[in-house]
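Notes follow the structure.
Note that ligands are numbered from 1 as they come in the structure, with each ligand's atoms numbered from 1 the same way.
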Amino acid sequence: MNVRDEYIKFFESKGHKQIPSSPIVPENDPTVLFNTAGMQPLIPYLMGQSHPYGKRLCDFQKCVRLTDLDGIGDTSHHTFFEMLGNWSLGDYFKKESIGYSFEFLTEVLHIPVDKLAVTVFEGDEKIPRDEVAAARWKELGISEDRIAYLGRSDNFWIAGDSGPCGGDTEIFYFRSDDDTPSKFDPKDDRWVEIWNNVFMEFYQDENGNITELSQKNVDTGMGLERIVAVIEGVDDNYKTSIWKDVIELISDIADLPYEGNEKAMRIIADHIRTATFIIADPAGIKPSNTDRGYILRRLIRRAIRYAKNLNIDITGDFAEKIARLIIKKYSMYYPELNNEEVITSVLRGEQIKFSKTLEKGLREFDKLVKDSNYVDKTVAFKLYDTYGFPIELTVEEASSRGMEVDTLGFEEKFKEHQEKSRTASQGMFKGGLLGHSEIETKYHTATHLLNAALKRVIGDTYQMGSNITTERLRFDFPCDHKLTDEEKKEVEDLVNKWIEEDYPVTVKEMSKDDAVKSGAECRFIEKYPDIVTVYSIGDFSSELCGGPHVEHTGVLGHFKIKKEESSSAGVRRIKAILE
Ligand code: SER
C-alpha cells in the first residue's frame, strides 16, 4: 500500500486541498536552518491570514531535524523525513480531527482498534484538561484504560519557544509481537507514537504568556517512515520499502551484509538522502563552513567516514550511486530532484576534497592515541583546518578511541580564525563590492512590486521564496498554472506603471499586533522582534520586512520578466531584471 497516496486521497475526500511541500530551507526566515515540521510554512495561516487553497489543507512536507544527528544509526531516527499533515485553519476542530485520524487508521490502513492507544492533555493552571478529546476517543471505541492524560512536556505542542500552539492528542500503536496489554502505559516503548493532532488555539509569546488566537486550528503530523514501518510490520525503518533498496545498494557496493553493519549502512543511507534533498532545494546550498552549508558538509563527510569503515572505495562514485537511486525513488513527488547532474557533482566535489585528507587525519589520531588520551585544541583545530574534520566528527572519532576533545579550546581557536577572515573580507568589501548593495536594494523594492502585481493579476498568491543577486531577482509563489504571455505582460506593465508613477516607499515601525491589523503581509511574523517595520507603497503593497528599500519607485528603471518556470508542484518561479 502506498501510504502517502492513500493519505492524500483520504483527506481530499474529506474536503482538504493538497498543498505543495515547501522547500526544506525556509526562505525569508533566516532564524531557522531547516523546516522541522509540516506546520512551519503555515504559521501565518494558523495566525489568521487567509490561505489561497482554503481552510482544509493536507500535504507531505520535507523536514530536516538535526537534534539527534549524532544518534542516527538506530532503527527509527532520520535527519530527513517526510511528514504527512492535515490542517484545519479555523474550520473543523477536535471532534472531526480525531474522527478523521481514527477513520484513516482503522478503515484505510486497517489497523485493529485494539492496537491503538492515545494520550490527551491533562491540563494545567492555564489551560483546562481536554475532556472533549477524551470523550471523542471513547465515543469511537478507545477504552478509558487506553487513554493516558499527560502534561505540558508531552501533550502540548509548539515549534520552538513562541508561536501558535496548543494541547495535543497523540496516537500510539503497539509495535510488538507480545499480547497487547489492556492498560496503556506511555512509558512502555513497545507503544510507538504514530500521529500527533495539535489543537492550535493559543499563541505563546517570548515570555511564556498565552493568548487565544483569532481562530481555532488543527495541525496534525504523522511521520511517513514510521507509519510505513508499522504497516509493513517491521521493527527497523531501514527494512521498509522506503529504505530496503537503498540498503541493498550500499550492501552491494560494500560487498558486505546489512546484518552486522547496520549502523554504518543506516548512517550512509540517511545522510546521503538528506544531503541529496538539501542540495536539490531551491536555496542552492553548497557545502561550506557556515550555517546550512556546514550541516551539509557534516552530513556528507560523516557518510564518507562511515563508508571508509565499510572499506568502500571513498575515491569512487559510491555517494553518487546512492544519490541517483534516491533521486529515482523520490523525483515523482519532488520535481526539484530532477537535477541529477548538479546533485551528483556537488557530492562528488565534496567527496574529492574530503577523501584526500581523511586518511591523513585518521593517521593523526593514530599518532595521538599512542601517548595521550586527549585531543588538545591545537590538534582539534588542525584536524578541522588542514584535514577538513568537522569538530563533531573529531569528537566522534575521539570517543570511539576513549579520548576526550578540548572542544572549548577549539571554539576559541575557531573564533580567532573567523575574526581574521572577517577582517580580510571587510578589506575586500572596501575594495569595491560596496556599490552592489544599491542594485540589490532596487531589486528588493521591485520584489515587493512584483508580489503586489501578481496578487492583482493571478489572485490570491503570495511570496513563498525570494532571492536577490546583483543580476536579477527570483520570486517563488503558489500558482496552479504556467503564466500565460498575457498574464506575464500584465504583471510587467503593472510594475512598470507603478515605477513610472514614482510612489514614495514609506516605512513605519509598529507592534506586531498593529502590523497584522494594518493588513500588511506578515509571513513569519513570530520570528520578528516585538516592534516590526512595515514597508508600504501606494495602496497596493504593504509588507512586514527588514528592508532595505529605495526611497521612491521612480529610481528602479524598467522591469522585465526573463523567465517563468515551475519551481516545484504548484509553485511557479519568476526571474526578472531591472534594466
Ligand atoms: N506540529 C506537530 C508535530 O510536528 C503536528 O504536526 O508533531
Mode of Thr220 contact toward ligand 1 - side chain, backbone, both, neither (heavy atoms, under 4.0 Å):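 Only the backbone of Thr220 comes within reach of ligand 1.
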Give me the residue, atom name and distance of the protein heavy atom closest to [atom].
{"atom": "atom 1 (N) of ligand 1", "result": "Asp219 OD2, 2.8 Å"}
{"atom": "atom 4 (O) of ligand 1", "result": "Trp157 CZ2, 3.1 Å"}
{"atom": "atom 7 (O) of ligand 1", "result": "Asn196 ND2, 3.1 Å"}

For ligand 1, which atoms have a heavy atom of [X] less than 4.0 angstrom away?
{"X": "Ala37", "answer": "4 (O)"}
{"X": "Gly221", "answer": "5 (C), 6 (O)"}
{"X": "Met39", "answer": "1 (N)"}

Euclidean distance, Arg573 CZ relative to Ser566 OG, rounded to 0.5 Å: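 The CZ atom of Arg573 is 9.0 Å from OG of Ser566, to the nearest 0.5 Å.
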From CZ (Arg129) to CG (Asp124), nearest 0.5 Å: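 Spacing of CZ (Arg129) from CG (Asp124) equals 12.5 Å.
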Residue among Ile278, Asn338, Ile279 satisfying side-chain contact (heavy atoms from CB on, under 4.5 Å) with Ile343: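 Output: one option passes, namely Ile279.
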Residues which pass side-chain contact (heavy atoms from CB on, under 4.5 Å) with Asp59, listed by chain and number, not counting sequence neighbours: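 side-chain contact (heavy atoms from CB on, under 4.5 Å) check on Asp59 returns Ile19, Gln61, Trp87.
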Atom NZ of Lys55 with >12 non-hydrogen neighbours under 6.0 angstrom: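 Atom NZ in Lys55 is not crowded, with 12 or fewer foreign heavy atoms closer than 6.0 Å.
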Cation-aromatic face contact Arg152/Phe156, 6.0 Å, 45 degrees: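 Arg152 over Phe156 ring: yes.
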4.0 Å heavy-atom contact, Met222 with ligand 1: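 No, that is not the case, since the closest heavy atom of the residue is not under 4.0 Å from the ligand.
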Residue-ligand contact Arg65/ligand 1, heavy atom below 4.0 Å: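 Yes, that is the case, since the closest heavy atom of the residue is under 4.0 Å from the ligand.
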Short side-chain donor-acceptor distance under 3.5 Å, Asp145 and Ser182: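 On atom types as modelled, these side chains do not qualify, holding no pair under 3.5 Å.
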